[in-house]
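Each remark here refers to the structure printed beneath this line.
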Amino acid sequence: MDLTRDQRLELYRLMRLNRVVEEKLVNLYRQGKVVGGLYRSLGQEATSIGSAYALSRGDIVGPLIRNLGVVLVMGYSPRDVITQYMARATSPSGGKDCNLHFGRPDRGVISPISMLGALIPVMAGIALAGRMQKKDLVTMTWIGDGGTSTGAFHEGLNFAAVQKLPLVVIAENNGWAYSTPFHKQTAAKCLADKAAAYGIPGESVDGNDVLAMYAAARRAVDRARSGGGPTLVEALTYRMKGHAEHDAQAYVRKEELEAWRQKDPLERYARVLIESKDATAEQLAAIDQAIGQDVDREVQLAEQSPLPAPEVALQNVYANGIRGVEIEPAPTGARRPR
Amino acid sequence: MDLTRDQRLELYRLMRLNRVVEEKLVNLYRQGKVVGGLYRSLGQEATSIGSAYALSRGDIVGPLIRNLGVVLVMGYSPRDVITQYMARATSPSGGKDCNLHFGRPDRGVISPISMLGALIPVMAGIALAGRMQKKDLVTMTWIGDGGTSTGAFHEGLNFAAVQKLPLVVIAENNGWAYSTPFHKQTAAKCLADKAAAYGIPGESVDGNDVLAMYAAARRAVDRARSGGGPTLVEALTYRMKGHAEHDAQAYVRKEELEAWRQKDPLERYARVLIESKDATAEQLAAIDQAIGQDVDREVQLAEQSPLPAPEVALQNVYANGIRGVEIEPAPTGARRPR
Amino acid sequence: MSGAPHLGGPDPGASATSAKGLTTYVDAIREGLREEMARDESVFLLGEDIGVYGGAFKVTDGLIQEFGEERVIDTPIAETAIVGAAVGAAMMGMRPVAEMQFIDFISCAFDMITNFAAKSRYRTGVGVPLVIRGPSGGGVHGGPFHSQNPEAYFAHTPGLKVVQPATAYDAKGLIKAAIRDDDPVLFFEHKFLYRRIKEELPSEDYIVPIGKAAVRREGRDLTVVTYGAMMWTALEAAKTLEAEGIDVEVVDLRTLFPLDETTVLESVSKTNKAILLHEATRTGGIGAEIAAVLSERCFEYLDGPLVRVTAPDTPVPYSPPLEEFFLPNSEKLCRAARALAAY
Amino acid sequence: MSGAPHLGGPDPGASATSAKGLTTYVDAIREGLREEMARDESVFLLGEDIGVYGGAFKVTDGLIQEFGEERVIDTPIAETAIVGAAVGAAMMGMRPVAEMQFIDFISCAFDMITNFAAKSRYRTGVGVPLVIRGPSGGGVHGGPFHSQNPEAYFAHTPGLKVVQPATAYDAKGLIKAAIRDDDPVLFFEHKFLYRRIKEELPSEDYIVPIGKAAVRREGRDLTVVTYGAMMWTALEAAKTLEAEGIDVEVVDLRTLFPLDETTVLESVSKTNKAILLHEATRTGGIGAEIAAVLSERCFEYLDGPLVRVTAPDTPVPYSPPLEEFFLPNSEKLCRAARALAAY
Ligand SMILES: Cc1ncc(C[n+]2csc(CCOP(=O)(O)OP(=O)(O)O)c2C)c(N)n1
Ligand SMILES: Cc1ncc(C[n+]2csc(CCOP(=O)(O)OP(=O)(O)O)c2C)c(N)n1
Ligand SMILES: [Mg+2]
Ligand SMILES: [Mg+2]
């Protein structure tokens, strides 16, 4: 499970890509071009990318809205993400749903619904189906510290544990659920402690250290693949921005934010790569520049892409046509012959 | 927290009462006089009674349908239980709801709904209100091994733990949830392990030893009363009958049942009382006889009590009258003057 | 069909099962499940106590022996997990059938059904061909939590289909159609019918198409639109009324969403009067939707008010006199029909 | 009232709040909460991010400062626990007001609401005076899970009361009435209205009684029965139609259960035609119930079909052109009204 230099650099590239795409989205948001809210993953890039990177082709992920890095690992293009945030016809959801709510099992990605926790039983079902279909398939999903309080989290993880399903749950402890701090969310000392309730292994890891995150996720993935059942991996990280762009996070202490800024996963990883001689600062800068150009082009293309045609609103409720047609003008009834 | 001899004998009396009431209910059931199903607590009497006995006046319980012993501790009469099972107008629910679904906060008992787990958040709310109202109030509720798998159990206990509410949860591990054995319910080693998820103390106790049960519950109640928050107490016991009277429990191994029969909580406790010289066998037999006569009389009175008047079906949906009136014959509309 | 059940009457119990080639409602569902499982490897069952025990009502009895515990899965008590796992498996091309031990417990999976299952195809293009089934309805003194009729909640949720069979033939044909359907189908069984009705079923494979109502009795004077166990109540009332010279047409909806508006409109255009009969409570029930459809699309053909005969707006009470008062029955229906006929 | 909002128009945002003695819809709710908390110690609030943050829409902004964190409780993300705790507290005589951060999440508390809260008084004699409130409705591109209108589910659940204010006056008066009510009340706010409407409110204590509709505009030719944000759509359409010589009466239901049938029947008995307008999806919506009531109780007075103008039976789509197509608006309503008037 040792990573090659190429892989280590790919991790860097993905993390940078994650950050750059989001910075572009912030610009678009400020220009009023993002439709709806914008949810940042600043400071949490290593958590998403390190964990998803532990998967193999054929595995299936269920990311939440703060897991932009995950869909990038799964091969989504920046344009997929940007068109989606801009509600375009060409976006993965065709404008039907917002932000990172997009997915297809055939692309290895399941779209969440907003209701937190709901993905856990669904991912368990994916894993169950995979086993029935004799696929070598591991599933991975993410949940926030807040999301662990939901009944769905509990029911899903318990079911997966009983069935010994190949499911890895990354619990992202970023200190906050919207404005609610960890200690108002749970009296548990840490999220890893919640594993005992299901008789599965639980582990805490530094979620801002991409290599440590990768290693922990990899252990869990390997365990899942070899029939060892689910694992709960707690990633200790921090939400560097508000819940969404509109939230100035006034409830966060400045010093705490500053302390975590020092642990920025991308800068930290750049230092690691330079120190370990995997790359020079110049090489990393070149990667950054290439990504910047790529993403600029993707933004341009996204901006040119069309909005959906209105009638699409009525399509695809059911497999064979829908019933909910637009109102007809009255009278709709036939005239009675008198 | 040491019990006096009178209290120790009261425990015996309550356990015997529990058993005798249930035996009478079985008779009534076989005669077709019980309306609906009959749920037994045979072999689990010590769990209900030992735990509820740890409470003080003013405390509030939320028993489930197998916790007949609990309502007896709270002072419900056998007739309350029997009329309830016979759907009579004079029963605590007036015939609106079945089996042990009866309660009033002013009698210290909250009625469950059938949906398992749902009582936990409600009991947390009772405890919360008690604190706001500056009442010295501890709440206790029960949940089966099966019930711990519900989302409501998780959400409620987590909320109670965060709020450090005076709530004691007795998790009755009786080996089965209907036909489902413990290992298909959860991969946890025991139910006490589920406490860690909420950062609260968890403890396992022999639920067929009424004094041990009492002592464990008492520790939890004292902790709750002194501001220490919730405790999860696992009572290890066994469901000696099927899920309900209609269930012949064909899925249970005879030897396992036999092994647990040896641990019958009532016989065991009788031996303890005799060995410790709290009572002679004759004294216990006298208690038994008195209870038998009492309950016979209660059954008679219950049988004489009336069924509810049909129109009661429409009453008490809302505080001030209901809307759901019986159908009126058509036409209901006024004639239009032409 | 071997005759209408009388709500409140005695339950013949298991002994009534499958005598001389007649199949009960419960056996019909089981046969439908079995045939689909044999036909299609992707069909599997999950729920509480459905395997070793065969289900609280024995609907799945014997299936674990036949298909193994991989395809008949006993789950923890966790309706959200049951439906959620079904959603995930369906996304992968499986055809899960999830049992709610009593349909009342569907409330515990409400989010998963209405938000994940119902909206998946629309918002992501991924359909979820799953079936959720379970015993609904009253008449057996089950009390407020073992007697509910929650179908209207789901008929109001775009993305779901909702069916409720009234006969053994339909029970088998609809469960098979539901399993083959590419969208989530809620299959409401009526527990009162499980062992009270039986009929001879075709030996060959058949389905009852989703979205098609059936005219159970033709009549000229008024139409009773109904479904589920109340279909039998309507037939019983029709007999009584026939003797009084009132000729009732009985439409059994079978599918509650999407509604077979054509059949309903044709019937009421002919009889010009309609009673909407259901066991579910009145306000916002399926009867309201039928009334809306009729008053929207059949207005000129109506010669009298649309009348609802339903349970009142209360929880389902437990004690027999209360439940009897609560449930619609032939007598109440006859009263309404007489008045409407005379209108 | 300072004019109808235009669905799809720009959100004036927080800056529009309370200028020159005018109170916005969101501020009206907050004032109602504050007054009741000051009046009655047993009133308290619980929900996600309602305390320190003041709520996702700032409905409870400042209340934790005023009343302390004992009475404004930030909870974990657990709607079942939130409502369950409210039920328990209400049984003890408290008057909890639970917020759903978006009303869509009410699905996660469905069992607790429909089975515990709704049935408690009936089956045990213990009423639960609680309020569940939250932002519903679309028009802000919130997508399938931040735009729903789930009121019909709850109007179909005996034991619950359901209200939805359309004006700032009603928002304040109804939240106060809901808190004082002895039964569980679901209070649906429309997020589109929060900062888009404002009006001068009385300085003295008042309530808007539950169960009373309001005639917002008198007219002779047809009645539009509606509620919530669509009330403004109806008024807007009424203006357009007036110019065309069609005189529309607008009935704002305000309470969806128990319905003010008297006001609806009186209006339609006068105009003889009705359109049922709501933002929620069509099948099984409140409009169906109104249609049933009218065709049952007002049959002879109807001179035309009952017409529903609603969202179609689909989830709420996110992208602006899709959502605009999905939502009812003045233009669609005018089309229906013209045809009905000409009938
Ligand atoms: C069941 C449910 N209730 C409420 C919400 C509203 N909500 C959206 S995100 C959020 C906070 C989530 O916090 P956490 O799970 O820690 O994830 P993070 O935002 O920190 O990544 C809340 C309350 C929701 N999405 N689902
Ligand atoms: C949410 C929910 N789902 C299903 C049921 C049906 N049901 C009633 S009791 C029972 C088994 C309960 O087992 P357990 O919790 O272990 O309690 P025990 O019967 O052993 O006392 C089931 C599945 C229910 N009551 N609630
Ligand atoms: Mg978080
Ligand atoms: Mg058990």
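Throughout, protein chains are lettered first and strands after them, A, B, ... in sequence-line order, and every chain is numbered starting at 1. Here the structure is a predicted model, which is why all the values come from computation and not from measurement.
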At a heavy-atom separation under 4.5 Å, does [X] approach chain C through its side chain, its backbone, both, or neither?
X        : answer
D/Gln148 : side chain
D/Tyr153 : both
D/Pro150 : neither
D/Thr157 : both

Comparing C/Phe145, C/Phe110, C/Phe105 against chain D, the one with the most heavy-atom pairs below 4.5 Å turns out to be C/Phe110
Charged tip of D/Lys332 within 45° of D/Phe325 ring normal and under 6.0 Å:
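Positive - D/Lys332 is close enough to the ring of D/Phe325 and near enough to its axis.
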Flag the pair C/Arg121 and C/Asp183 as a salt bridge only when some basic side-chain nitrogen lies within less than 4.0 angstrom of an acidic carboxylate oxygen.
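The answer is yes: the pair qualifies as a salt bridge.
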Is the shortest distance from a Lys or Arg side-chain nitrogen in C/Asp221 or C/Lys273 to a carboxylate oxygen in the other one below 4.0 Å?
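No salt bridge links C/Asp221 with C/Lys273.
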Counting heavy-atom pairs under 4.5 Å to chain C, which of [options] comes out on top?
options                                : answer
D/Pro315, D/Ala280, D/Gly159           : D/Pro315
D/Leu276, D/Ile113, D/Thr114, D/Asp111 : D/Asp111
D/Arg123, D/Met112, D/Lys119, D/His156 : D/His156

So, taking the atom named OG in D/Ser295 and the one named CZ in C/Arg308, what distance separates them when rounded to the nearest 0.5 Å?
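The CZ atom of C/Arg308 is 7.5 Å from OG of D/Ser295, to the nearest 0.5 Å.
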Quick check: D/His146 with D/Phe102 (ring centres under 6.0 Å apart)?
yes
Taking the six-membered ring for Trp, are the ring centroids of D/Phe299 and C/Phe299 within less than 6.0 Å of each other?
no
